[in-house]
Amino acid sequence: MLIQKTIDASGYDDFDGHENIVYFEDDATGLQAIIGVHNSNLGPSFGGCRIHNYVKFEDAITDVLRLSKGMTYKSAMAGLPLGGGKAVIIADAKTDKSVDKMRSFGDAVEAMAGSYITAEDVGSTDADMITISEVTSYVSGLPKKENALGGNPSPYTAKGVFYGMRAGLNSALGTQSFDGVHVVVKGLGAVGYDLCRYLDKEGAKLTVTDINQAVLRKAQEEFRNVTVVDPISAHEVACDILAPCALGGSINPQTIPDIKAKLIAGAANNQLQNKLQGQRLHDKGVIYAPDYVVNAGGIIAVGYEYFSYNGNNPFDHEMTQKTLTGHISRIEGTTRDLLVRSKDDNQPAGDVADRMAEEIFLK
Ligand code: NAD
C-alpha cells in the first residue's frame with residue numbers, strides 16, 4: 001500500500017522555502033520516492049524523476065531540494081508558465097527498477113493532485129513514462145506519436161545546450177563559429193552524445209570522457225576529430241570549452257584550479273558544487289553559462305507536449321514543431337543577454353541568471 005508523509009525539510013541548507021516535500025513508500029513494490037515542489041507562482045511544478053541509489057536518505061532530500069529549485073529558475077528563464085518540482089526514486093535504476101515500482105510512483109504523482117508533473121531524468125526512460133501514464137495524467141516526455149509534439153526530451157536539451165554554448169563562445173572567444181574550437185565533453189549519455197554530433201558537424205575538435213567504454217568506442221568511430229581521456233582528468237585538458245554532461249557538482253574547489261577552459265557550458269544540472277564556485281570561476285576569468293539556462297531545451301519540449309496533450313495553450317502562438325524549436329533557439333539570446341549583464345555588472349553569470357529568474361517568478 002502506498003503511504004505518504006510530508007517531510008519538514010526546513011532545517012536543510014537547501015530548503016529555500018520549498019512549498020511541499022512529500023515522501024512516498026510502498027511496501028508491495030519497494031517504492032521509496034520523494035517529490036519536491038519548490039515554487040508554483042508561474043504554474044504547476046514540473047520536473048523529471050531521477051532514479052538513484054542514494055547512500056543516505058538525507059542525500060536524496062538534498063537532491064530533491066536542489067533539483068526542484070533549479071526547475072523553478074529554469075522554467076522562469078525559459079519563458080514557461082510552470083513552477084519548479086522534482087522527484088527522486090531511491091533505487092538502482094539498472095537493478096532495482098520494475099514496472100510495478102514505476103506504476104506505484106505514478107500513484108504518488110497522482111496523489112500530488114496536479115501540483116507536480118513528472119518526466120524523464122537520469123535513470124528513468126520514456127518506457128517508464130508510459131507505465132506512469134497508466135495511472136496518472138500528470139506526466140510528460142512520453143514517446144512521440146506521429147505529428148505530436150515532445151517525446152524524449154534529451155535531443156531537445158542537446159540542441160538547447162548547443163545554442164547556449166554558442167552564445168558563451170561568442171562571449172569568451174568573440175566568434176560564432178565552432179570550427180576548430182576545442183570542446184571537452186564529460187558524459188556521453190543521451191544529451192552529451194547528441195551535443196557531440198552538433199559540435200562535430202560544426203567542425204569542433206572533441207575531447208570526450210565517460211565511464212562507459214562502449215559509448216567512447218562509438219564516439220571514436222563516429223566523430224572526425226576526437227580524443228578520449230580519463231574522467232578524472234578531463235577538466236584539466238587545455239581546451240576552449242568544458243561541457244559537463246554527466247552528474248552535478250563537477251565544478252568544485254578540487255577541480256577549479258586545474259580548469260583551463262575559457263567557457264563552461266554543459267547539460268548537467270547543478271554543475272557548481274555551490275554558489276561560491278561561480279564567484280571562483282568569475283575571479284579566474286572563466287565564463288560560466290548557467291546550467292539551468294542552457295539545458296532548458298528538454299523542459300521546453302516536454303512543456304509543449306504537456307500543454308498540447310491537455311489542449312491548454314498558454315502561449316500567444318500556436319504550439320507546433322516549428323514554434324517549439326523556435327522557443328528552444330531563444331536559449332541563445334537569453335544566454336547572451338545574461339552574459340553581457342554579467343560582464344557589465346562584473347558579477348558571476350550564475351548570480352545574474354538567478355536575479356533575472358527571480359525578477360520573473362517572484363514579481
Ligand atoms: P545519461 O544518464 O543518459 O548520461 C549521463 C552519462 O554520463 C552516461 O553516459 C554516464 O556513463 C556518464 N557518466 C556518469 N558518471 C560519469 C563520470 N564520473 N565521468 C564521466 N562520465 C560519467 O543522462 P542525460 O540524460 O544525458 O543527462 C546528462 C545530464 O544532463 C544530467 O545531469 C541531467 O540531469 C542533465 N539534464 C538532462 C536533460 C535531458 O533532457 N536528458 C535535461 C536537463 C538536464
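Read the numbers this way: they start at 1 and go in the same order the structure lists the ligands and their atoms.
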With heavy-atom distances below 4.0 Å as the criterion, list the atoms of ligand 1 near Ala267.
30 (O), 35 (C), 36 (N), 44 (C)

Just let me know how Val191 lines up against ligand 1, side chain, backbone, both or neither, with a heavy-atom cut-off below 4.0 Å.
both

Where does the angle between the aromatic ring planes of Phe315 and His317 fall among parallel (under 30°), tilted (30 to 60°) and perpendicular (over 60°)?
parallel

May I ask you to identify the nearest protein heavy atom to atom 4 (O) of ligand 1, giving residue, atom name and distance to one decimal place in Å?
Gly189 CA, 3.1 Å

Report the part of Lys74 (side chain from C-beta onward, or backbone N, CA, C, O) that has a heavy atom under 4.0 Å from ligand 1; answer both or neither where that applies.
side chain

I need the contact type for Ala234 against ligand 1. Using non-hydrogen atoms and a strict under-4.0 Å cut-off, is it side chain, backbone, both or neither?
neither

Looking only at protein heavy atoms, identify the closest one to atom 33 (C) of ligand 1 and say how far it is in Å.
Val122 CG2, 3.7 Å

If you measure from each non-hydrogen atom of Arg50 to ligand 1, which part falls under 4.0 Å: side chain, backbone, both or neither?
side chain

Where's the contact between Thr157 and ligand 1, heavy-atom distance under 4.0 Å: side chain, backbone, both or neither?
side chain

Please state which protein non-hydrogen atom is closest to atom 31 (C) of ligand 1 and give its distance, to 0.1 Å?
Ala246 O, 3.1 Å

Under 4.0 Å from one or more heavy atoms of Pro153, ligand 1 contributes atoms 40 (O)

May I ask you to say whether Arg197 pairs ionically with Glu222, meaning some side-chain N is under 4.0 Å from a carboxylate O?
yes

So which atom in Pro348 and which in Ser342 form the shortest heavy-atom distance, rounded to 0.1 Å?
C-OG, 4.0 Å

Which pair of non-hydrogen atoms, one from Ser140 and one from Val302, has the smallest distance, and what is that distance?
OG-O, 2.8 Å

Among protein heavy atoms, which lies nearest atom 17 (C) of ligand 1, and at what distance?
Ile211 CG2, 3.9 Å

Answer with yes or no whether the side chains of Asn252 and Thr255 bring together a donor and an acceptor at under 3.5 Å.
yes

For ligand 1, is any non-hydrogen atom under 4.0 Å from Asp121's backbone (N, CA, C, O), its side chain (CB onward), both, or neither?
side chain

Specify the closest pair of heavy atoms between Gln220 and Val226, including all atoms of both residues, with the distance to one decimal.
CA-CG1, 3.8 Å

Counting non-hydrogen protein atoms only, what is the nearest one to atom 20 (C) of ligand 1? Give residue, atom name and distance.
Asp210 CA, 3.6 Å

Minimum heavy-atom separation for Ala353 and Val293, please, with both atom names.
CB-CG2, 4.1 Å

Hey, are Asp96 and Lys101 close enough for a salt bridge, meaning a charged N less than 4.0 Å from a carboxylate O?
yes

Using a strict cut-off of 4.0 Å, indicate which atoms of ligand 1 neighbour a heavy atom of Leu188.
9 (O)

Under a 4.0 Å heavy-atom limit, does Pro231 contact ligand 1 with its side chain, its backbone, both, or neither?
side chain

So which protein heavy atom does atom 41 (N) of ligand 1 come closest to, and at what separation?
Ser154 OG, 3.1 Å

Nearest non-hydrogen protein atom, atom 28 (C) of ligand 1:
Cys245 O, 3.2 Å

Before accepting this row, confirm whether a basic side-chain N of the pair Lys86/Asp121 lies closer than 4.0 Å to the acidic partner's carboxylate O.
yes

Report yes or no: does a heavy atom of Asn269 sit under 4.0 Å from some atom of ligand 1?
yes

Between Asp210 and Lys218, is there a side-chain N and carboxylate O pair less than 4.0 Å apart?
no

Closest protein heavy atom (residue, atom, distance) for atom 3 (O) of ligand 1
Ala190 N, 2.9 Å

Derivation of the salt bridge (charged side-chain N to carboxylate O under 4.0 Å, His left out) call for Arg103 and Asp100
CA-CA 5 Å; Arg103 199 172 286 124; Asp100 285 347; 3.4 Å; yes

Mark yes or no for whether Thr207, through its side chain, and Val184, through its backbone, hold a donor-acceptor pair below 3.5 Å.
no

Ligand 1 contacted by Gly248 (non-hydrogen, < 4.0 Å):
no

Heavy-atom distance under 4.5 Å between the side chains of Tyr116 and Asn20, does that happen here?
no

If we number the atoms of ligand 1 from 1 as shown, the ones under 4.0 Å from a heavy atom of Ala268 are 29 (C), 30 (O), 32 (O), 35 (C)

